[in-house]
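What follows is a set of notes on a single structure, which appears directly below.
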Amino acid sequence: MTVAGIWLAVWEIAAICVGEGILLPRVEDTVSALIRTGAKSETWLSVGASVLRVTGGIITGMLTGCVLGAVCAFSRFLDDLFTPLVTVIKATPVASFIILAFVWIPVNLVPVFTAFLIVTPIFHTNVFTALKNTDRNMLELAQVYNMSFIRRLTEIYIPSAAAAFTSALTSSVGMGWKASVAAEVICRNRQSIGGGLYSAKISLDTADVFAWTVLVVVLSLVFEKSAIALIKRAGARRNGDG
Amino acid sequence: MKNEIVARLENVTVKFADREILKNINLTVGKTDRICITGTSGKGKTTLMRVLTGFQQVTAGTVQTAPVRTAVVFQEDRLFMHRTALGNLKAVGIEKERAEKYLNAVGLGADMKKKPSQMSGGMKRRLALARALAYGGELYVFDEPLTGLDRETADRMLELIKKETEGKALVMITHDEFALRIPDVRIVKINADDEKSALI
C-alpha cells in the first residue's frame, strides 16, 4: 500500500506539473472517470466480452504451447519442424498478426487469436526448456524402479516443469491482456474494453483512457493471482497423500 | 550365462576422455552373493555400480546381466522433493501398507508426512534405503547406503540390510568396517595400487 501511495503521489505531482488534463489527467479525474464508466451497464458487458476473449486466447494458447513444448522436447523431428514456426511467431510484430487476422477471420475472434499467438510461444519455450532440463538422475531412478509413463509424467516431468509453467502463466496473462486489448482497439470490437478505449481516444478523453487502462491492469492482476492460486491448490491437493 | 548368475563383468574398462576410470574389471554376481566394494574415493566404485545397473557404457569388455528385478540405492538420495516420505515410496508403485512397514523399519515411522526438504541428510538416506528395500528384488545394488548416518543408526541399518537381502544378490559400496560384518561377504577392493583391477 505504501508503494502504491508513493506512485500515486508521483502521478499526481506529475499531472499538476504538466497542468494539462488531456496530456496527463490527475488521479482524482481518473477515479471520477472510473466511477462514471463503472456505473454504466454496457461497461460490464464490454468487460465480460473482453474477459471471455482473453480467457479463450490464453487457455487455447496455454494448451497448445504445453503440448507443442512437450512433443518438441521428446521428438527431435517435431522440434526441428516447429521451432522455426515458433521463432517466427515470437519475432513478428503483434500489429502484423492483428491486421492479418482481421483479414482472415471474424472480427470477434481476432482478439482471441492474437492472445493465442502471444501465449503459445511463451508456454512452448518454458515447457520445452523445463522438460529438456529434467533431472537425468530421476529419470534413471524411474528406469530402475520400472515407473510407468504416467508415473514418470506425474512424478518427474510435471513437477520438473511446474515452476516453468507458473512463470509462463505469469508472463502470458499480462501479455495476453495487452495483445488482446490492442486487437480490440485496432479491430474496433463494439462490445469490448478495446472499444471503450478507442471511443475515449477519439473523444480526446484522456481520463477515460486512463480509467479503461486501470480496469485492464486490475483485471490482468486478478487473472494472474487467481491462476497462480489455482495451480498452488491443485499441487497441494495432488501431493496431499503424502 | 548360468541361471544362478545375475550379472557378469568381463575385462571391463571404462574411460572418460583420456582418463581410465576402471581397468580390466572382472566380476561375477551369483543370485545369493553378497559383495562389498571398498576403496578410497574417486577410484571408480560408483562407475562400477553404474556399469552393473546399465547406466554406464563400457569402453572395453563385456557386461551380461540377467533380467531380474533390481532395487538400487544411488550415491545421491534421488528423492521426489514434492512428495512426503510415504509419497516417495508410493511414487514408485509400493503399496501403502508395505511402504509404512519399511518406513517404520528404517525409523521414519513418525516422519512419514515430512517432505525431504524437512529432513536431515541421514533421514533422507534412510528414506532412499527404505524405498529400495520396500521395492525389493533379486538384486540389490547399494552405493554407500550408510553415508551420513550416526554409528548407532548405521549399525541398525546394516542389520536391516543383512536381514532383508538374505538369500538375494547384494552388491554394496561401503567401508571395510561394515563390509566385514556381513556373513559370507566377498570384499572387492578398488584402488590405484593395483591399477584399479579388481580381484574377483
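This is a predicted model, so every value here is computed, not measured. Atom set for the values below is all heavy atoms of this structure, side chains included, hydrogens, waters and symmetry mates excluded. By convention in this document, chain letters (A, B, ...) are assigned in the order of the sequence lines, proteins followed by strands, and residues within each chain are numbered from 1.
For a residue to count as touching a neighbouring chain, one of its non-hydrogen atoms must lie under 4.5 Å from one of that chain's; by this rule B:Arg69 does not touch chain A. For a residue to count as touching a neighbouring chain, one of its non-hydrogen atoms must lie under 4.5 Å from one of that chain's; by this rule A:Asp135 does not touch chain B. Heavy atoms closer than 4.5 Å to chain A are found nowhere in B:Leu89, neither backbone nor side chain. Heavy-atom distances place both the backbone and the side chain of B:Phe80 under 4.5 Å from chain A.
For B:Glu166, the CD atom is loosely surrounded, since the number of other residues' heavy atoms within 6.0 Å does not exceed 12. Within a 6.0 Å sphere centred on NZ of A:Lys178, heavy atoms belonging to other residues, nucleotides or ligands number 12 at most. The environment of CE in A:Met147 is crowded: more than 12 heavy-atom neighbours from other residues, nucleotides or ligands sit within 6.0 Å. Taking a 6.0 Å sphere around NZ of B:Lys15, one finds it holds 12 or fewer heavy atoms contributed by other residues, nucleotides or ligands. Within 6.0 Å of the CG atom in A:Asp80, the count of heavy atoms belonging to other residues, nucleotides or ligands exceeds 12.
Under the 4.5 Å side-chain criterion, counting only non-hydrogen atoms from C-beta, B:Arg131 is in contact with A:Leu141.
A donor-acceptor pair is defined here as one N or O able to donate and one able to accept, closer than 3.5 Å; no such pair exists between the side chain of B:Arg78 and the backbone of A:Met138. Using a distance-only test at 3.5 Å, with no hydrogens or angles considered, a donor-acceptor pair links the side chain of A:Tyr145 to the main chain of B:Val72.
Here B:Leu79 contributes atom CG and A:Asn137 contributes atom CG; the two are 11.5 Å apart, rounded to the nearest 0.5 Å. The line from OG of A:Ser160 to CE of B:Met81 is 13.5 Å long, rounded to the nearest 0.5 Å.
Shortest non-hydrogen contact noted between A:Glu155 and B:Ala91 is CD-CB, 3.7 Å. The nearest pair of heavy atoms linking B:Tyr135 to A:Val144 is OH-O, 3.7 Å. A pairwise comparison of heavy atoms in B:Phe55 and A:Glu140 identifies CZ-O, 3.4 Å as the closest pair.
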